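Below is one structure, written out as structure tokens; the observations come after it.
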Amino acid sequence: MDSQNRNTDGYDVVVVGSGGAGLTAALALAERLKVLVLAKGSLTGGSTAWAQGGIAAVLDAGDTFENHIRDTMIAGAGLNRLETVEFVIERAPLAIERLVELGVPFNTEGPSLHLTREGGHSHRRIVHVNDATGWAVQSALLKAAEANPNITLLPGRSCIDLITGRHEARYSGSGRVWGVYALDEATGHVEAHVARATVLATGGAGRVYQFSTAPRGATGDGIAMAWRAGARVSNMEMMQFHPTCLYNLEVKNFLITEAVRGEGGRLKHPVTGHRFMPEYDDRLELAPRDIVARAIDDQIKRYGLDYVHLDISHKPPEFVKEHFPTIHEKLLGLGIDMTTEPIPVVPAQHYTCGGVLIDLNGKTDLPGLYAAGECTESGLHGANRLASNSLLECFVFGEAAAADILDHWDAFDEPPPVNPWDESRVTDSDEEVVIKQNWTEIRRFMWNYVGIVRTTKRLERAQHRIKMLNDEIEEYYRHFRVSTDLIELRNLLQSADLIVTSALQRHESRGLHYTLDYPALLPEAHDTVLVP
Ligand code: FAD
Ligand code: SIN
């Protein structure tokens, strides 16, 4: 058996994920506890490093928490939980202060932080580091974690499943979580990382769609692991599509930040140059994302276009270069000068609003299991996330989960001996092509049948394919040694199933879930909560 029980490593808490949520939790926990952080691939492979626009926080004297709360609820189409919205938004200024202390070089304007504007925000309230905020935040958090003697960072670990009561050497009958089984990507060994508490911070499931702005590893692993272990998952039908992803045949997932529209960018028909947003919403290009994405989708379908144009070339070139240096540079490399010409854009999946159901302490349904960040459904985003509220959610819930673990540490039992990973009945795969084929198929039908505009018939078609693929993938999983690709494929399919099942249960059009069969809004907002 190629497995080891890492029980003896002596870590108090295992954190899965090294993005904004995972590292925030790890840094707070490390004040008193020994923390192990596991990450698939590299330590900077999550969405956090890719974030562009910034972080929303009320920092301007003319703005108020009430404004930010109202904007968040309007974008979320009333599905948000007010208690969570207040909890997060009131903690935003402190979260920004902590990041400043960690050395994040936010842009300034005189003595204050510079605030940019994004869709759905009634005020300027987005703090940022040019147009590459995520990289600056990820770097500062990682630097602090690397310097902390209580934190061990282990990249190259693909977690497969949570260790629960049923993996205990003497089954206690409980759903208590005791850490994770993880594949060491370099050696191919599966290790059991056992701890008193576990925090999932594994990011979203965007890669379930053919076109997505999310990184390769956004395959819904944490959501699928928690679901298989018995935790409830909610609002998975609420998949956010960003209106403006670069349309380019070589570079398929480069985001053009919403801040381009925030600073005056206009959406236009690519042939006639007609500015079309006035026909869709009074807030024009700064309407919430679902509205702008649907407007672009409508233009593309109505006129048979491949893309629309996003144009900020009417602004002075120096202004454009100063505000968007990363995008400007990247586009120049592709032969597009955004200071003089429009950018071809299309909508693409961008953010997973649903996820593992958590409370205000980051607690899931399962004892010993916490979760934070994009893999969760905390009640903040409702039916549509307001721009730049998600990094904020990572910091607030990373802290909240850590605080709850620290506050109740004495009540967390020592882990029991757990069974090592059982590989006695598997062999090396002889048909890797199955993984590639199924991966492509899932992403295609999810894009075509479960995208921006849905129908019951299309959702049922997707469900039918999921059922067929499930048999094939589970059989493959039972017979062959795990690889990162196989782990991800299994989780992608699980995520697709949760999205489609949730979408079929919602008989209305609300926020990101828009279906031609139920175009109206029901009088009351209800979460779609799936119970394993
Ligand atoms: P991530 O940062 O995605 O990190 C996930 C971590 O989990 C990674 O370390 C990964 O390796 C690890 N992991 C996943 N699965 C496994 C596994 N099986 N085993 C081990 N480790 C695993 N939000 C904003 O608020 N403002 C923005 O400006 C903004 N811009 C964005 C731009 C882009 C292009 C994208 C894609 C997203 C943007 N977002 C933005 C959203 C935001 O970046 C994410 O919601 C947020 O960073 C998620 O952080 P996280 O810590 O939850 O997960
Ligand atoms: C962007 O910069 O447009 C992304 C902001 C976000 O996703 O919150």
Side-chain angles (χ1 to χ4, degrees), residues 14-25 37-57 116 118-121 126-129 131-135 137-138 141-142 153-162 180-183 185 193 199-207 212-225 240 242-245 253-262 289 324 327 348-353 355 371-376 381 385-395 397-398 484 487-488 490-491:
V14 176
V15 175
V16 187
S18 58
L23 292 182
T24 302
V37 178
L38 301 170
K40 190 164 68 171
S42 87
L43 292 168
T44 55
S47 294
T48 299
W50 289 25
Q52 291 185 353
I55 307 162
T116 190
E118 289 181 338
H121 287 276
I126 317 295
V127 296
H128 62 110
V129 182
D131 54 353
T133 309
W135 185 252
V137 168
Q138 177 78 62
L141 288 170
L142 199 50
L153 298 158
L154 274 189
R157 300 301 193 283
S158 297
C159 295
I160 307 168
D161 262 319
L162 292 165
V180 283
Y181 290 112
L183 172 74
E185 294 161 15
H193 295 280
V199 182
L200 281 178
T202 46
R207 281 301 178 122
S212 169
T213 63
R216 167 74 172 67
T219 49
D221 297 2
I223 299 169
M225 284 193 278
Q240 183 171 75
H242 196 291
T244 58
C245 179
N253 63 347
F254 185 68
L255 179 75
I256 308 296
T257 176
E258 187 142 344
V260 171
R261 279 174 285 127
R289 272 183 194 172
F324 308 109
I327 296 175
Q349 189 287 340
H350 182 61
Y351 185 81
T352 310
C353 291
E374 193 171 337
C375 66
T376 68
H381 308 305
R385 175 181 67 104
L386 184 64
S388 289
N389 265 356
S390 51
L391 283 172
L392 177 59
E393 184 188 39
C394 291
F395 307 133
F397 278 98
T484 300
I487 294 166
E488 291 182 336
R490 186 171 174 239
N491 294 331

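Positions are given from 1 along the sequence. In each ligand, atom 1 is the first atom listed, and ligand 1 is the first ligand listed. Small disclaimer: the values here were computed from a predicted structure and weren't measured.
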- Note on the structure: Within 4.0 Å of some non-hydrogen atom of Glu374, the atoms of ligand 1 are 44 (C), 45 (O), 48 (C), 52 (O)
- Message: Please check whether Leu255 reaches ligand 2 - meaning an N/O of the residue sits under 3.5 Å from an N/O of the ligand, judged on distance alone.
- Response: no
- Message: Evaluate Arg385 for polar contact with ligand 2, using N/O atom pairs at a separation under 3.5 Å.
- Response: yes
- Query: By number and element, which atoms of ligand 1 are closer than 4.0 Å to a non-hydrogen atom of Ala51?
  - Reply: 27 (C), 28 (O), 29 (C), 30 (N), 31 (C), 32 (C), 40 (C), 43 (O)
- Within a distance under 4.0 Å of any heavy atom of Leu255, pick out the atoms of ligand 1 and give their elements. 32 (C), 33 (C), 34 (C)
- Indicate yes or no for a side-chain donor-acceptor contact from Gln240 to the backbone of Thr352 under 3.5 Å, with no hydrogens or angles considered. no
- With the threshold set at 4.0 Å, does a side-chain nitrogen-carboxylate oxygen contact exist between Glu488 and Arg207? no
- Should one rank Arg289, Glu258, Arg261, Gln240 by closest heavy-atom distance to atom 5 (C) of ligand 2, which comes out on top? Arg289
- ligand 1 atoms in contact with Gly17 (distance to a heavy atom under 4.0 Å): 6 (C), 7 (O), 9 (O), 12 (C)
- Asp161 side chain to Met225 backbone, donor-acceptor under 3.5 Å: no
- Thr133 and Gly54 have their tightest heavy-atom pair at OG1-CA, 3.5 Å
- Quick one: does Thr257 get an N or O within less than 3.5 Å of an N or O on ligand 2? yes
- Subset of ligand 1 atoms that lie under 4.0 Å from at least one heavy atom of Ala201: 5 (C), 6 (C), 7 (O)
- Go through the side-chain N and O atoms of Thr202 and Lys40 and say whether any donor and acceptor fall under 3.5 Å apart. no
- Could you walk me through whether Glu258 and Arg289 pass the salt bridge (charged side-chain N to carboxylate O under 4.0 Å, His left out) check? CA-CA 9 Å; Glu258 187 142 344; Arg289 272 183 194 172; 2.6 Å; yes
- Message: As an exercise, identify every atom of ligand 1 less than 4.0 angstrom from a heavy atom of Ser158.
- Response: 19 (N)
- Task: Note the single closest protein heavy atom to atom 2 (O) of ligand 1, along with its residue, its atom name and the distance in Å.
- Result: Thr48 OG1, 2.5 Å
- Within-cut-off N or O pair, Leu391 and ligand 1, under 3.5 Å: yes
- Just by modelled atom types, is the Ile487 backbone N or O under 3.5 Å from a matching donor or acceptor in the Asn491 side chain? yes
- Less than 4.5 Å apart, any side-chain heavy atom of Ser47 and any of Pro215? yes
- Any non-hydrogen atom of Arg385 lying under 4.0 Å from ligand 1? yes
- Message: Just to confirm my output: which protein heavy-atom neighbour is closest to atom 8 (O) of ligand 2, and how far is it?
- Response: Ser388 N, 2.6 Å
- Run down the list Gly53, Cys353, Ala224 and name the one with the heavy atom closest to atom 28 (O) of ligand 1. Gly53
- Query: Just by distance, with hydrogens left out, do Thr44 and Gln138 show a side-chain donor and acceptor under 3.5 Å apart?
  - Reply: no
- Can you see which heavy atom on Leu38 is nearest to which on Ala182, and at what distance? CD1-CB, 4.5 Å
- Could you check which of Ser18, Gly46, Ser390 puts a non-hydrogen atom nearest to atom 24 (C) of ligand 1? Ser390
- Shortest reach to atom 15 (N) of ligand 1 by a heavy atom, considering only Val37, Thr116, Asp221: Asp221
- Message: Checking the N or O distance criterion of under 3.5 Å, is ligand 1 in contact with Ala21?
- Response: yes
- Message: Would Thr213 count as a contact residue for ligand 1, given that I'm defining contact as a non-hydrogen atom of the residue lying under 4.0 Å from a ligand atom?
- Response: yes
- Could an N or O of ligand 2 be found under 3.5 Å from any N or O of Gln52, whether backbone or side chain? no
- Item | Per atom 19 (N) of ligand 1, closest listed option by heavy atom (Cys159, Ala132, Gly204) | Cys159
- Message: Only heavy atoms of Gly19, strictly under 4.0 Å: list the atoms of ligand 1 that pass.
- Response: 2 (O), 4 (O), 9 (O), 51 (O)
- Query: Which ligand 1 atoms are under 4.0 Å away from a heavy-atom of Gly373?
  - Reply: 52 (O)
- Contact with ligand 1 for Cys394, non-hydrogen, under 4.0 angstrom: yes
- Query: Is there a heavy atom in Gly134 that sits closer than 4.0 Å to ligand 1?
  - Reply: no
- Where do Val137 and Phe395 land on the side-chain contact (heavy atoms from CB on, under 4.5 Å) test, with the steps shown first? CA-CA 11 Å; Val137 168; Phe395 307 133; 3.7 Å; yes
- Task: For His242 and Gln349, test the side chains for any donor-to-acceptor distance below 3.5 angstrom and give the result as yes or no.
- Result: no
- Message: Below 4.0 Å, non-hydrogen atoms only: which portion of His128 touches ligand 2? Side chain, backbone, both or neither.
- Response: neither
- Heavy-atom donor-acceptor pair, Thr48 side chain to Gly134 backbone, under 3.5 Å: no
- Touching ligand 1 at all, His350? Heavy atoms, strictly under 4.0 Å? yes
- Task: Tell me, please: is Val16 in heavy-atom contact with ligand 1, that is, under 4.0 Å?
- Result: yes
- For ligand 1, find out whether one of its N or O atoms is nearer than 3.5 Å to an N or O atom of Ser47. yes
- Query: Would you say Gly20 contacts ligand 1, with heavy atoms under 4.0 Å as the rule?
  - Reply: yes
